[in-house]
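Heavy-atom basis, side chains included; hydrogens, waters and symmetry copies ignored.
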Amino acid sequence: MPVSLSGDKEPVQTVIEFAGGKEYAKTRDKAVEESRHKSSADTIYLIGHDDDEIDSLLTEIYRCREIYKLHRNKATDKEVEEYLRAQEQRADSLTRDLAARIEKGLSTGSFVFSGRPVAVAESGKEITKALTVYLAGVAEEVFHKYAEAAHQTDSGTAERLLKTDRLDKIASQDDPLGLVKGGAVDRNHKAIVSITNHLQQQGQVEGRRLLDDFYAAPYGWTKDTTRYITAAMLVGGLVKLRVAGEDVTVRGETAVSSLRNTNGFNSIGVALRDNAPPAEAVMRARDRLLELTGDEVLPLEEEVSKCVIKHFPEFQKRYAPLAYRLDSYSLPGVPRAESIQDSLSELLRGDASDAANR
């Protein structure tokens with residue numbers, strides 16, 4: 001039966017099988033057929049030549065070791081001690097012979113991957129080096145999208161990108177994949193397109209699952225890298241975050257705390273954004289904020305949200321007692337005052353992400 005030797009959790013597995021004589025060709029052909037199946041898409045088959053001497057060597061090694069183990073603490077005679085020592089040395093010698101025969105059988109065998117058999121010797125004379133070389137080639141096929149985000153991003157990159165006010169001045173260490181071009185997020189960058197396509201197929205995805213999906217084949221991206229790409233997509237208005245029941249679409253404190261590290265990212269939802277406000281709405285929001293606050297802001301959704309976060313908590317505090325005071329004097333307008341207070345609360349949710357729309 002198959003026995004796991006090492007690395008049973010690794011994404012690419014190597015299945016080793018020995019066959020002798022006429023059975024070798026049949027075993028290799030069977031591996032070729034199995035390797036074409038989807039379930040074996042990440043599996044390397046290594047078919048080695050069997051050696052008729054291996055079974056007898058195993059038997060002799062076992063016999064020598066058992067003799068030594070059973071009698072080593074009972075020996076009282078010098079000749080017996082020398083005999084037991086000779087048995088131990090013979091077992092070691094035969095084990096080296098066994099290892100050499102196994103390595104030779106593998107070195108003269110065949111690799112099989114994705115329906116393609118190839119001689120082990122084409123990758124190297126020594127089996128460990130040959131397998132290392134062959135594995136590197138297979139890994140490029142299995143993780144064929146790794147090149148889209150081939151960078152070991154450090155854990156603080158996502159936060160630094162979110163906190164960069166001038167994207168046209170962003171430092172290379174804060175955008176190692178070059179996701180920002182000309183002061184704007186490049187929607188056509190291959191890594192961004194891959195996450196966009198994934199979210200189109202899956203809908204809203206839990207952060208933990210998104211990291212796992214892109215850590216696995218065919219991507220192999222580090223979790224910090226996927227988190228940084230998601231941060232760039234938020235800045236570019238491509239995705240929205242679902243945090244504590246609220247949608248977040250701007251890079252305020254909520255977004256920063258959610259994307260700062262993997263633990264925070266695991267518990268949020270990520271989905272494509274489909275409700276970005278039209279330019280006319282943002283322009284109206286800017287004009288109304290000028291009337292309400294006296295601040296001139298750029299006609300950008302993010303700048304509108306920042307202005308609301310800056311001023312509207314004070315409005316909320318100022319108008320909080322209004323409904324009570326109107327009611328105490330039996331004056332009209334209580335429902336209107338309550339509605340204003342409710343609207344202010346709604347407006348400030350999710351770092352005022354929906355301010356421009358409202």
Side-chain angles (χ1 to χ4, degrees), residues 146 148-167 170-180 185 187 189 191-192 194-216 219-276 301-306 308-310 312-313 345-355:
Y146 174 73
E148 296 178 358
H151 191 277
Q152 300 287 326
T153 306
D154 71 70
S155 61
T157 304
E159 181 178 1
R160 294 197 304 272
L161 186 147
L162 289 172
K163 290 182 175 180
T164 300
D165 289 328
R166 293 281 304 274
L167 290 180
I170 191 167
S172 59
Q173 65 264 28
D174 300 337
D175 182 28
L177 293 179
L179 302 179
V180 177
V185 173
R187 295 172 175 239
H189 191 284
I192 289 177
S194 286
I195 293 182
T196 299
N197 292 340
H198 185 75
L199 294 175
Q200 283 176 340
Q201 295 172 3
Q202 302 295 327
Q204 180 172 301
V205 176
E206 184 185 31
R208 183 191 307 275
R209 182 183 159 196
L210 188 70
L211 296 180
D212 289 342
D213 288 344
F214 283 90
Y215 182 74
Y219 304 97
W221 302 348
T222 67
K223 295 183 177 182
D224 288 334
T225 298
T226 301
R227 191 162 46 81
Y228 142 64
I229 298 170
T230 306
M233 294 177 73
L234 177 72
V235 172
L238 294 170
V239 298
K240 59 184 177 182
L241 311 179
R242 188 70 174 173
V243 184
E246 300 292 340
D247 286 337
V248 176
T249 58
V250 296
R251 46 177 175 167
E253 282 303 314
T254 302
V256 171
S257 62
S258 299
L259 293 171
R260 178 177 285 124
N261 54 49
T262 301
N263 288 338
F265 192 84
N266 283 342
S267 60
I268 67 171
V270 181
L272 290 178
R273 190 177 178 192
D274 54 8
N275 64 337
E301 182 185 12
E302 186 176 282
E303 296 302 317
V304 168
S305 297
K306 285 181 180 178
V308 169
I309 288 293
K310 177 182 176 183
F312 278 53
S345 297
E346 289 287 329
L347 198 60
L348 289 166
R349 286 183 177 176
D351 284 341
S353 291
D354 204 32

- Should we say atom CD of E346 is surrounded by more than 12 heavy atoms from elsewhere, each under 6.0 Å from it? yes
Would you mind writing out the side-chain donor-acceptor pairs for residues 204-216 within the sub-3.5 Å range, not counting sequence neighbours?
from: R209; atom 1: NH2; to: Q202; atom 2: OE1; distance (Å): 2.5
from: D212; atom 1: OD1; to: K223; atom 2: NZ; distance (Å): 3.3
from: D213; atom 1: OD2; to: H198; atom 2: NE2; distance (Å): 3.0

- Query: Any sub-3.5 Å donor-acceptor pair from H189's side-chain atoms to L177's backbone N or O?
  - Reply: yes
- Message: Between T225 (side chain only) and W221 (backbone N and O only), is there a donor and an acceptor less than 3.5 Å apart?
- Response: no
So how far is it from [X] [atom1] to [Y] [atom2], rounded to the nearest 0.5 Å?
X	Y	atom1	atom2	answer
E159	D174	CD	CG	10.5 Å
S194	Y219	OG	OH	4.5 Å
S258	N266	OG	CG	11.5 Å
S155	R227	OG	CZ	6.5 Å
L161	L179	CG	CG	7.5 Å

Please find the pair of heavy atoms, one from [X] and one from [Y], that lie closest to each other, and give the distance.
X	Y	answer
T157	P176	CG2-CD, 3.8 Å
S267	G264	OG-O, 3.2 Å
D154	G156	OD1-N, 2.9 Å

- Determine whether P313 and L348 make a side-chain contact, defined as any pair of heavy atoms from C-beta on separated by less than 4.5 Å. yes
- SB check R251 D165 (cutoff 4.0 Å): no
Could you tell me which residues satisfy side-chain contact (heavy atoms from CB on, under 4.5 Å) with [X], sequence neighbours excluded, listed by chain and number?
X	value
S305	V250, A352, A355
A231	A158, L162, L259
E246	R349
T196	I192, Q200, M233, L272

Extract all donor-acceptor atom pairs below 3.5 Å that involve side chains of residues 236-245 and protein atoms in other chains or at least two apart in sequence.
from: R242; atom 1: NH1; to: G245; atom 2: O; distance (Å): 3.3
from: R242; atom 1: NH1; to: D247; atom 2: OD1; distance (Å): 2.9
from: R242; atom 1: NH2; to: G245; atom 2: O; distance (Å): 2.9

